[in-house]
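Note that the coordinates shown come from a computational prediction; the quantities given were computed from them, not determined experimentally. In what follows, residues are counted from 1 in the order of the sequence shown.
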Amino acid sequence: MARAILFDFNGTLSADEHIMYEVVAEVYAGAGRPISHAEYLDQLAGIPDEVAVRMWLGDREDVDALVSRRIEGYRRRVRDGATVTEAVRAAVREAAAEVPIGIVSGAARAEIEPVIAAAGLEDTFAVVVTADDVAEGKPHPEGYLRALDGLRTAIPELRPHEVTVLEDTEAGVRSAKAAGMRVVALASTLPLHRLGEADEVAHSIDRSLVRRLIASPG
């Protein structure tokens, strides 16, 4: 069974990929190169901010400023925590009552913490790994390996394959698999053929999914 569960944030815990696109589109258009929704999903979904900016806008001197603008635009839109649905909140609480849980995200801590606090989940996660904590973003496994180290505070002998990860992007799935973990991909952001490296696919996060993951062989 899963002895621990790790969640991606954007598009997984937080139903916000449409907001992410809106903010990215606003910032990139202001920087001189608009991006369509299809282009965003095809090329940039799940990619760290700095990498995404350079991929789309080139190696500019104002990369940090553009990333900061994107983060602030996101924070303004999600401050009430409404992107974390009641079903997800219930599932997170159910999981945390049974096993250690955590977040591994390419988002900044300044984006994640206000949302989970507004959703009433700030004391639920044993570990939260953000873009601020790693040198290499997804699809590199660094974030998930750091989270594994954090989970071992509660379960010292925890092995990677005993951790189940919920992800919604190709880069996220590859990151968790490279760390040796089991992955459930959410078919909410990308088409199924982009998620083929995952161990299974789910259509939403709810209490029944969490109960099954904890009870099923990993």
Main-chain N/O of E142 paired to E136 side chain as donor or acceptor, under 3.5 Å: no

Set of salt bridge (Lys or Arg N to Asp or Glu O under 4.0 Å) partners for R70, sequence neighbours left out: D49, E111

Interatomic spacing from CD in E17 to CD in E22 - rounded to 0.5 Å: 11.5 Å

CZ on R174 to NZ on K138, rounded to 0.5 Å: 14.0 Å

Plane angle bin for Y28 and W56 - parallel if under 30°, tilted between 30 and 60°, otherwise perpendicular: parallel

Residue D64 excluded, over 12 heavy atoms near CG under 6.0 Å: no

Verdict with reasoning, E86 to R89, per salt bridge (charged side-chain N to carboxylate O under 4.0 Å, His left out): CA-CA 5 Å; E86 290 299 331; R89 296 181 199 195; 3.7 Å; yes

Side chain to side chain contact (heavy atoms under 4.5 Å, CB included) partners for V63, two or more places apart: E50, V53, R54, R60, V67

L166 side chain reached by L213 side chain, heavy atoms, under 4.5 Å: yes

Minimal non-hydrogen separation, A198 against A185, with atom names: CB-CB, 3.6 Å

Side-chain ion pair, E26 and R77, N-O less than 4.0 Å: yes

Side chains of T169 and D8 in contact at under 4.5 Å (non-hydrogen atoms): no

Common cluster, V23/M55, ILVMFWY with side-chain heavy-atom separation under 4.5 Å: yes

Heavy-atom closest contact (G137 atom, P48 atom, distance): CA-CG, 3.6 Å

Cationic N near anionic O, under 4.0 Å, E98 to R211: no

Min side-chain heavy-atom separation V129-Y144 under 4.5 Å: no

Heavy-atom donor-acceptor pair, R33 side chain to L57 backbone, under 3.5 Å: no

Side-chain touch E157/R3, heavy atoms, less than 4.5 angstrom: yes

Nearest heavy atoms of M181 and D199, plus distance in Å: O-OD2, 4.2 Å

Non-hydrogen atoms of G143 and V134 that approach each other most closely: CA-CG1, 3.8 Å

Verify same cluster id: Y40, I19 (apolar side-chain graph, 4.5 Å): yes

Side-chain heavy atoms of V183 within contact of L195, under 4.5 Å: no

Any side-chain heavy-atom pair of I116 and F9 under 4.5 Å: yes

Polar side chain donor-acceptor pair, D16 to T83, under 3.5 angstrom: no

Salt bridge (charged side-chain N to carboxylate O under 4.0 Å, His left out) evaluation trace for D42 with R194: CA-CA 10 Å; D42 185 53; R194 297 275 300 274; 3.8 Å; yes

Nearest heavy atoms of S14 and V115, plus distance in Å: OG-CG1, 4.5 Å

Of V27, V24, N10, the residue whose pairing with Y74 passes side chain to side chain contact (heavy atoms under 4.5 Å, CB included): N10

Spatial distance of atom CZ (F7) from atom CG (D168) [nearest 0.5 Å]: 13.0 Å

Criterion side-chain contact (heavy atoms from CB on, under 4.5 Å) on R207 and R93, from CA distance to verdict: CA-CA 9 Å; R207 293 173 65 191; R93 292 188 181 105; over 6 Å; no

Note: D133-R109 ion pair, threshold 4.0 Å (strictly below): yes

Spacing of OG1 belonging to T153 relative to CG belonging to L158, to within rounding of 0.5 Å: 10.5 Å

Pairwise side-chain contact, V127 with L6, heavy-atom cut-off 4.5 Å (strictly under): yes

Validation row: E170, E197 side chains within 4.5 angstrom (heavy atoms): no

Approximate separation, where rounding is to 0.5 Å, of E39 CD and L41 CG: 10.5 Å

R75/E72 ion pair, N-O < 4.0 Å: yes

Heavy-atom closest contact (T130 atom, A107 atom, distance): CB-O, 3.3 Å

From OG1 (T189) to OH (Y21), nearest 0.5 Å: 15.0 Å

